[in-house]
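Written out below as structure tokens is the structure these notes cover.
Worth saying up front: this structure is predicted, and the values here are computed from it rather than measured. Position 1 is the first residue of the sequence, and the numbers go up from there.
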Amino acid sequence: MKKIFALVLAIAMVATFAACGEPATAEYKLGMGISVSLDSSADATAEKNATAQADATVATVVMDADGKIVAADLDCAQTKVQVKDGKIVDIDKVDLRTKKEKKEDYAMKGASPIGKEWYEQAAAFVEKMIGKTVADIEAIATEEKNGHQVATDADLYAACTMDITAFKAAFIAACKDDQAKTFTAAEGFKLGLDVETNVAGSTDAGEKNATAQLYSTFGAIVVDADGKTIAAIVDEIQPKVEVDNAGKIAAKTFVNTKRSLKEDYNMVKFSPEGTCIAEWYVQAADLTDYIAEKAMTADEIKAIATADTRNDGYMRPTDADLAAKCTMQIAGYQAVLANAIGVAK
């Protein structure tokens with residue numbers, strides 16, 4: 001009897017050790033949301049040039065099976081282009097860093113009631129969102145203070161005294177992301193977020209008004225403890241602000257992100273016949289799925305081979321499996337996802 005008991009105990013111990021050696025996994029969703037405003041664009045004055053400005057606030061969340069946020073990040077690409085007498089001013093000197101990347105250079109601390117920079121308050125806001133559902137975030141009340149909509153909750157306001165309108169909008173959009181990526185992972189995964197902005201396509205006035213192109217690419221990525229991709233999302237915005245020769249804002253154009261526009265982005269429609277295999281959002285999803293399926297590291301993402309396969313100046317993927325699904329130029333998406341892994345936590 002003792003021998004039987006000992007055998008049963010030994011089997012139980014082996015089973016326990018085996019279970020301990022296999023970390024438990026669970027199902028999650030990765031979502032991204034972007035809130036864009038061009039409202040801070042301003043006409044020229046006697047003292048200042050006209051300013052074309054885009055404020056793109058991005059949130060990324062990982063939610064568990066109950067819809068509770070278990071990981072999140074937040075940033076804002078605040079891009080400003082100056083226009084004088086119909087000409088773009090010092091395009092090569094435009095600061096393309098996000099608010100989080102600027103850190104103390106954003107220089108908000110002196111005006112902050114709590115003496116905290118933007119990146120510090122944004123991090124505190126993110127921390128307060130952990131454990132919340134989308135309904136909880138929608139229920140966050142605000143009130144007007146000095147022209148800003150700030151949190152009425154004393155605990156949240158003590159950590160973040162900034163206007164949180166765009167923060168809420170981006171988080172709600174991320175939680176409701178209808179193209180969220182479902183994945184299974186063990187505890188210990190990391191979430192990264194990166195934003196890369198390009199204003200090089202801005203043009204001086206000619207037959208048309210001067211136009212500031214305030215384009216940004218966004219990447220959110222989940223990696224395991226070894227930095228291998230589990231899930232990823234990319235998105236892009238293409239806001240444009242026109243300024244006339246008198247220094248007046250003539251037009252502000254932005255509809256939605258490429259991913260949110262879906263078929264309305266019309267990439268297939270406006271591409272040469274037979275050259276575009278699917279809409280942007282479909283190809284972008286296929287690209288990120290390819291990266292996740294191969295569990296790529298940052299270096300491997302950057303090393304995805306491309307070539308000008310059509311002699312049209314666009315560097316497209318050369319891997320047969322990827323090229324069958326994604327015929328877009330992907331350098332910007334490679335960069336933003338690799339960079340996101342670099343800051344994942």
Side-chain angles (χ1 to χ4, degrees), residues 34-58 74-122 125 142 144-150 160-170 195-218 236-257:
I34 301 167
S35 175
V36 178
S37 173
L38 306 180
D39 292 345
S40 292
S41 298
D43 297 338
T45 66
E47 297 80 22
K48 294 182 179 180
N49 297 324
T51 300
Q53 180 170 331
D55 293 278
T57 301
V58 56
L74 177 71
D75 206 347
C76 179
Q78 184 180 73
T79 312
K80 303 178 184 180
V81 170
Q82 304 293 314
V83 183
K84 182 178 181 180
D85 300 327
K87 294 187 179 298
I88 304 295
V89 178
D90 294 331
I91 195 69
D92 58 329
K93 296 181 180 178
V94 174
D95 193 340
L96 301 179
R97 293 176 297 170
T98 66
K99 289 185 179 182
K100 188 165 66 172
E101 290 170 338
K102 288 176 182 176
K103 293 192 173 179
E104 272 67 29
D105 289 346
Y106 188 63
M108 190 185 77
K109 186 180 294 186
S112 167
I114 57 175
K116 298 288 187 181
E117 266 301 339
W118 188 96
Y119 76 97
E120 295 173 303
Q121 295 195 47
F125 182 89
T142 62
E144 191 274 332
K145 279 190 180 181
N146 301 317
H148 298 287
Q149 289 295 319
V150 302
C160 177
T161 59
M162 300 186 292
D163 190 310
I164 63 169
T165 305
F167 294 0
K168 280 186 61 179
V195 186
E196 300 297 324
T197 297
N198 182 358
V199 297
S202 301
T203 56
D204 296 337
E207 295 181 1
K208 298 181 179 180
N209 295 321
T211 301
Q213 290 189 352
L214 311 169
Y215 292 4
S216 289
T217 303
F218 307 84
E236 286 190 313
I237 59 169
Q238 295 183 318
K240 298 179 182 180
V241 177
E242 295 181 31
V243 181
D244 66 22
N245 287 331
K248 300 288 186 182
I249 302 299
K252 295 181 288 188
T253 306
F254 177 72
V255 179
N256 214 327
T257 74

Would a distance-only check, ignoring hydrogens and angles, find a side-chain to backbone donor-acceptor pair under 3.5 Å from Asp55 to Gln78? no
Donor-acceptor check, side chain of Thr142 to backbone of Val150, threshold 3.5 angstrom: yes or no?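 Checked: no pair found.
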Neighbour count >12 (heavy atoms, 6.0 Å) for atom CG, Asn146: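 Result for CG/Asn146: open.
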Decide whether Gln149 and Asp163 meet the rule of one side-chain donor and one side-chain acceptor closer than 3.5 Å.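 No, Asp163 and Gln149 have no side-chain donor paired with an acceptor closer than 3.5 Å.
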Straight-line distance of Ile34 CD1 to Asn256 CG, nearest 0.5 Å: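 If we round to the nearest 0.5 Å, Ile34:CD1 and Asn256:CG are 9.0 Å apart.
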At what distance, to the nearest 0.5 angstrom, does CG of Leu38 lie from CD1 of Ile249?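 If I round to the nearest 0.5 Å, the distance is 9.5 Å.
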Heavy-atom side-chain contact between [X] and [Y] under 4.5 Å:
X      : Y      : value
Met108 : Met162 : yes
Tyr215 : Lys240 : yes
Gln121 : Thr161 : yes

For residues 199-213, which side-chain donor-acceptor pairs fall under 3.5 Å, sequence neighbours excluded?
residue : atom : partner : partner atom : Å
Ser202  : OG   : Val199  : O            : 2.8
Ser202  : OG   : Gln213  : N            : 3.0
Asp204  : OD1  : Ile88   : N            : 2.7
Asn209  : ND2  : Glu242  : OE1          : 3.3
Thr211  : OG1  : Asn209  : O            : 3.3

Could you give all pairs that pass the salt bridge (charged side-chain N to carboxylate O under 4.0 Å, His left out) test and reach residues 106-118, with sequence neighbours left out? Glu104-Lys109
Could you go through Phe218 and Ile237, starting from their C-alpha distance and side-chain angles, then the distance that decides it, and tell me whether this counts as side chain to side chain contact (heavy atoms under 4.5 Å, CB included)? CA-CA 9 Å; Phe218 307 84; Ile237 59 169; 3.8 Å; yes
Quick check: closest heavy atoms across [X] and [Y], and the distance to 0.1 Å?
X      : Y      : result
Arg97  : Glu101 : CA-OE1, 3.3 Å
Ser35  : Ala170 : CB-N, 4.3 Å
Ile114 : Cys160 : CD1-N, 4.3 Å
Asp95  : Lys102 : OD2-CE, 3.6 Å

Qualifying residues under side chain to side chain contact (heavy atoms under 4.5 Å, CB included), relative to Thr217, sequence neighbours excluded: Glu236, Tyr333, Val336
Residues in side chain to side chain contact (heavy atoms under 4.5 Å, CB included) with Asp90, at least two apart?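 With sequence neighbours excluded, Asp90 shows a side chain to side chain contact (heavy atoms under 4.5 Å, CB included) to Asp92, Lys93, given in chain and number order.
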Test Thr57 against Leu74 for side chain to side chain contact (heavy atoms under 4.5 Å, CB included), laying out the working first. CA-CA 7 Å; Thr57 301; Leu74 177 71; 3.8 Å; yes
Residues 80-87, side-chain donor-acceptor partners within the protein, below 3.5 Å, at least two apart:
residue : atom : partner : partner atom : Å
Gln82   : OE1  : Thr51   : OG1          : 3.3
Gln82   : NE2  : Thr51   : OG1          : 3.3

Taking only residues two or more places apart in sequence or in another chain, which ones pass ring-ring contact (aromatic ring centres under 6.0 Å, His included) with Phe167? Trp118, Phe125
